Every structure is written in structure tokens, then in C-alpha cells.
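First up is the structure itself, then whatever we jot down about it.
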Amino acid sequence: MTDVRVRFAPSPTGSLHVGSARTALYNFLYARHVGGAMVLRIEDTDLKRSKSAHDTSIINDLAWLGLRADEGPDVGGPHGPYRQSERAHLYEAAVQQLLATGWAYPCFCPQELLEERKEQQLAAARMPKYDRTCCGLSPTEVDGRFAAGEEAAIRFRVPDGDVTFADIIHGPITFSSDVIGDFIIKRTDGGYSYNFAVVVDDAGMEITDVIRGEDHITNTARQMMLFAALGKPAPRYGHHSLILAPDGSKLSKRHGATSIGDFRSLGYLSAAMVNYLALLSWHPSDEREKFDLEELVQEFELGRVSKSPAIFDIHKLNWLNGLYLRELEPATLYAAIEPYLRARGINLALVQREVVAEAVQANLVVLGDAPQYAAVFVDEVDPATCAHAESLLEPGADMLYQLAREIFGNMANEFLPVPEARDTLKRLVELAKEQGLKGKAVYHPLRVALSGREEGPELFYLVAGLGKSRILARLKAAAEFVDRRTGPEPKALV
RNA sequence: GCCCCCAUCGUCUAGUGGCCUAGGACAUCGCCCUUUCAAGGCGACGGCGGGGAUUCGAAUUCCCCUGGGGGCACCA
């Protein structure tokens, strides 16, 4: 056990993005690895963009990934509340403290003026920075303007000097405070700014380590100044790289799936997702690639997290997903693909389910692929009119279908268990071979007759999963097709 | 424009001055297995962005350039 406390602090502006998911994962792994705790904090300071529906979807996505926070809005804890929208009193107290200690001051500058000045600075090729117009206002002047009904925001007075911190991932990083203007901590509308709320919360929740994306790296300087002004110890910081799209740009909706929800509904398994996200910039000390959550907790170290940005490559995720998919027991696999089958109108008989699951297993990249492979077990198939009908005409096929109809006609039940299906098929093949047919002349026409396709699961799966009546019907259609084409009446001479 | 971060195969990465003729994985290609498709096995292709400096010796250290990313809000 250690006193390490980390937090994952998403703002509920949508469902969990893969980038945020990875941040959550790294926080979770880091905390668990050292026996610390993770808190979930919802940063809904911007009520306009926040929806409560989103925070439940984020909690669901985290749960799906297996990342349970030790404290949070759903599970409670001693440092709540865990939604920023419910913590206004704490922020206000901190604002009053900074005002009282001279670290903050009211600013009456109207927004339009601020923007104008910013544009001027930009035009003059300087870093935009508040010019401290209101910094030197006397108390009486301030009181006077408030009395006159003027509204003010509250700014933090940033101290001179450099701010340096030892980033856990990057090493030492230094900012000169003169690139940082006095920033707002409380808006005119009464809301509290992000950088400020975060500090009050991290302090209040006794966070020891902040693990977040590189996009926050410049916030760190401001936040550390705030900690110092508030008289609180700053946490350690670690900034991991961002996830980029294959073209090197920021990952966005136009690149396809980007949220955990997207991947989940496409049929990726959470185990694969977690494994992939971990590997995206972390690397174990050996060359293993496959890790479950527990193993990750065991092995994960921030020191082995890469500093460079990582491109999201669907291929590796696909590979991992296939790996996990192929490990599933037939019953589990069936349960996982069932919703996808149902959505495509594929309803399998109880006895078919595990057979079909097993039959399609090796072909799946994602669960959503299941219907296209399972369709052959339920679709109406007429071998005579399928695209590969010509393959039914293999020499000796008429005899083959005859043989097959006899053998399958003797099936005691509609469905045969896989081992028996395998035996029955073997018997058929042997008989056909006795009649002089080569293996290929058996398997190929038989496959087309049974499925109307030239590729698909092993034949014995077809025999087991199709059921007696479909098998017989398709064989009959195939036999009739052969008769029609090679029957007594001579082929058209054309 | 200014500030910060980053830079090894197409992609994720190993590598912390000699163990590197740069290792692994994904992708791609080939072969094998399979009388189908997959899956699986084996193999091939493929990389230290450029220039200086330090050193007996640099992928590894330093500087410059270039490239990429992030930030510069009364957004989070």
C-alpha cells in the first residue's frame, strides 16, 4: 500500500474517446501497480456542453473496460462531491483566499477590449498576454466600480520567475512565467475556470500524481503557481503523448471509430481494446504482446511509456481482437455474437448456436463480422441458381448427390453433434472414393451444393449446423440441376 | 508569431556509448499446412530525418536545421 492517489477527470461532452480511455487506463494501471487509489471526477464546469447522460455513458465505458475507480460520483468516497458542478462552494472559498492574500484581483476589462488587445499583440508578433490593466486598481476604486454595478472577473496574479517541474514521463520541463498572462479563475458569469477548479479539486482530493495527456503540459505551470499561492503541495505530473490518426492529424470522427462506444458496437472485445491501448505507447520489459488487465497492473510502469505521439493503427487492434476472439468457448462466443445475428434477422435454433459460433470463429475480426459468415446456415440457398452453380457439374457429381441424399437421409435427428457430423461426412467421402471420385471432386461440389458458395467453414460444420431438412433440400436442388443440364435430352448444340 | 513537447522499419515499439550486421509485433509479400475461406506455422521485405560537435568508438551525449504535435481563452 502507498498513499498514491490518481484521478481520471473527463469532461462529459460525449462518450469516452479512445484517447481519454488510454489516459484512464494509464492512471488505473499506475495506481494499481503501486497499490494506490484512483478517483473519478466529472469536470462539468461548462454546463452548456455537459450533459448528465454523458457522465453515465463515460462510467459505463470505463466499467466495460474493467476500469473501476475507487472513488467517484457513482461509488462515492470521502473526498466528494465528485462532480465539479457540485463543488462551487469550495472554489469560492479558494477564490476568497486568493483575494485576501493578494494573489488574485478583480478585472473589469470588457471582453471586446480584451480581444482587441489580443489581436494587436498577435499582429505585433507577440505572445498574447493580459496587460494587467486592472492589476493595480486600488481597493477604493474596486469598491467604487462594484458599487456602480460593474461586473468583474477574478484574475490570478502570476508571479515572476520560472516554473520547473519534473515530469514523470518527460523529465524536467521549465516555463518562464513571462509567457503566462494573469489568467482568469472566476468568470464574470460566476463560473470557475478549468485550471482553477482542477487545482482546488486535486488539492482537496489529495491527488498525489496527475497522469494526463500532453495537451495539458502548458497548463501545468499555471496549476503549480496556483498550488503555491493556495499554500498546498503540488502533485507529481506525468504527461503522456497524444493519439494521432493514420495521416498524422488529430484523431477525429472523420477517421472512423474514435470512441469506446464505437468500438464496442463494432464488436471489439474490451480485453483487446485494453491490451491495444496499453501497447500504444507503453512497452513491457520483455517482448510479450498479449496482456490481460491483471498482467498489465503487474507490469505497467510509467517509465516505460514512450514520449512520442502514437498513431492509431486499426490493424494491430484487429489482430489482438482476433486473438481474444479465438480464445472464447463456443457458448461464450455465441452469446457475444447473438445481438449481431439478431440485428440481421438471423435466429438460430438452440442446437445450432454453438456449432455456428465454432464454425465462424476463425474468420472473425470483430463480432460484427459474424452475420456474414453465419448467414449460410439459415439463408434460403438454391444451389442451382447460385453464382457457382457450374461447379455442381463436376464429373460424378450426380452420383455424389445421390449418395449424400441416402446417407444424410438416414440422420436420426434434425441436427447432428459436430463429432457425429464429422463421422457421417467421412463415411460419405469414403463411399464416394470407392466409386472412384477424388477428394476434390467430393468436397468442392458438395460445398457448393450445401452452401451455394465456394468458401466457408469446414464441411462438417455445415453438416452439423445446417440440419437434415436443409441439407436434403439443397442436395435435391443440386441433383435436379445436374439432371437438367446433363439429362437424357441432348445438350443444346448451339 | 511566441512558448512547450517529440523524432528508430508503412504502423506500435526495443535500444540509456562498444553486446547493433539495430531486436520484436502489426501490416504487406512468399512458402507450408488445409482437397475451400479463414485460422495456424515458417520466411522475406523494410528503419536510426539532415548537418555539425564530443569520443578510440555513437541510434544512444550536446548544438543547429528540418519535420510533426500541443498550447497561447471569461473552453475543458
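A note on names: the letters A, B, ... follow the listed sequences, proteins ahead of strands, and every chain is numbered from 1. Heavy atoms only: backbone and side chains are in, while hydrogens, waters and symmetry mates are out. From a predicted model like this one, the values you see are computed outputs, not experimental measurements.
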Pair [X] + [Y]: basic N to acidic O under 4.0 Å:
{"X": "A/D209", "Y": "A/R236", "result": "yes"}
{"X": "A/D202", "Y": "A/R41", "result": "yes"}
{"X": "A/E92", "Y": "A/K186", "result": "yes"}

Taking donor-acceptor contacts at under 3.5 Å, does the side chain of [X] reach the base of [N]?
{"X": "A/S308", "N": "B/C6", "answer": "no"}
{"X": "A/K433", "N": "B/U35", "answer": "yes"}
{"X": "A/D189", "N": "B/C74", "answer": "no"}

Which base sits across from [N] as a Watson-Crick or G-U pair, both distances under 3.5 Å?
{"N": "B/G67", "value": "B/C6"}
{"N": "B/C72", "value": "B/G1"}
{"N": "B/U36", "value": "none"}
{"N": "B/A25", "value": "B/U11"}

**Distance-only donor-acceptor check, side chains A/D201 and A/Y91, under 3.5 Å** =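 Yes, A/Y91 and A/D201 have a side-chain donor paired with an acceptor closer than 3.5 Å.
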**Item:** Exercise: do A/N219 and A/Y194 side chains pair donor with acceptor under 3.5 Å
**Value:** no
Separation of [N] [atom2] from [X] [atom1] (nearest whole Å):
{"X": "A/L244", "N": "B/U11", "atom1": "CG", "atom2": "P", "result": "11 Å"}
{"X": "A/I169", "N": "B/G70", "atom1": "CD1", "atom2": "P", "result": "18 Å"}
{"X": "A/R304", "N": "B/G15", "atom1": "CZ", "atom2": "C1'", "result": "10 Å"}
{"X": "A/I243", "N": "B/U11", "atom1": "CD1", "atom2": "C1'", "result": "14 Å"}
{"X": "A/D162", "N": "B/C4", "atom1": "CG", "atom2": "C1'", "result": "13 Å"}
{"X": "A/K186", "N": "B/C75", "atom1": "NZ", "atom2": "P", "result": "14 Å"}
{"X": "A/Y192", "N": "B/A73", "atom1": "OH", "atom2": "C1'", "result": "19 Å"}
{"X": "A/R117", "N": "B/C72", "atom1": "CZ", "atom2": "C1'", "result": "17 Å"}

**Prompt:** Hey, does A/Q121 reach any base, or is it just sugar-phosphate, or nothing, if we go heavy atoms under 4.0 Å?
**Reply:**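 Touches nothing.
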**Request:** Name the residue closer to the 5' end of RNA chain B, choosing between A/L242 and A/W282 according to the nucleotide with the nearest heavy atom.
**Result:** A/W282
**Prompt:** If you pin A/V429 and A/T174 to their nearest nucleotides in RNA chain B, which one's is more 5'?
**Reply:**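 First, find each residue's nearest nucleotide; the 5'-ward one identifies A/T174.
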Say you pick atom [atom1] in [N] and the same atom in [M]; how far apart are they, in whole Å?
{"N": "B/C9", "M": "B/C72", "atom1": "P", "answer": "30 Å"}
{"N": "B/G23", "M": "B/A14", "atom1": "C1'", "answer": "6 Å"}
{"N": "B/C3", "M": "B/C62", "atom1": "C1'", "answer": "22 Å"}
{"N": "B/C48", "M": "B/U55", "atom1": "P", "answer": "26 Å"}
{"N": "B/U35", "M": "B/U21", "atom1": "P", "answer": "46 Å"}

**Prompt:** Does the cation-pi check pass for A/K426 over A/F460, that is, NZ or CZ under 6.0 Å from the six-membered ring centre and within 45° of its axis?
**Reply:** no
**Distance below 4.0 Å between A/R326 side-chain N/O and B/G40 OP1 or OP2** =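 Checking A/R326 against B/G40: at least one side-chain N or O falls below 4.0 Å of OP1 or OP2.
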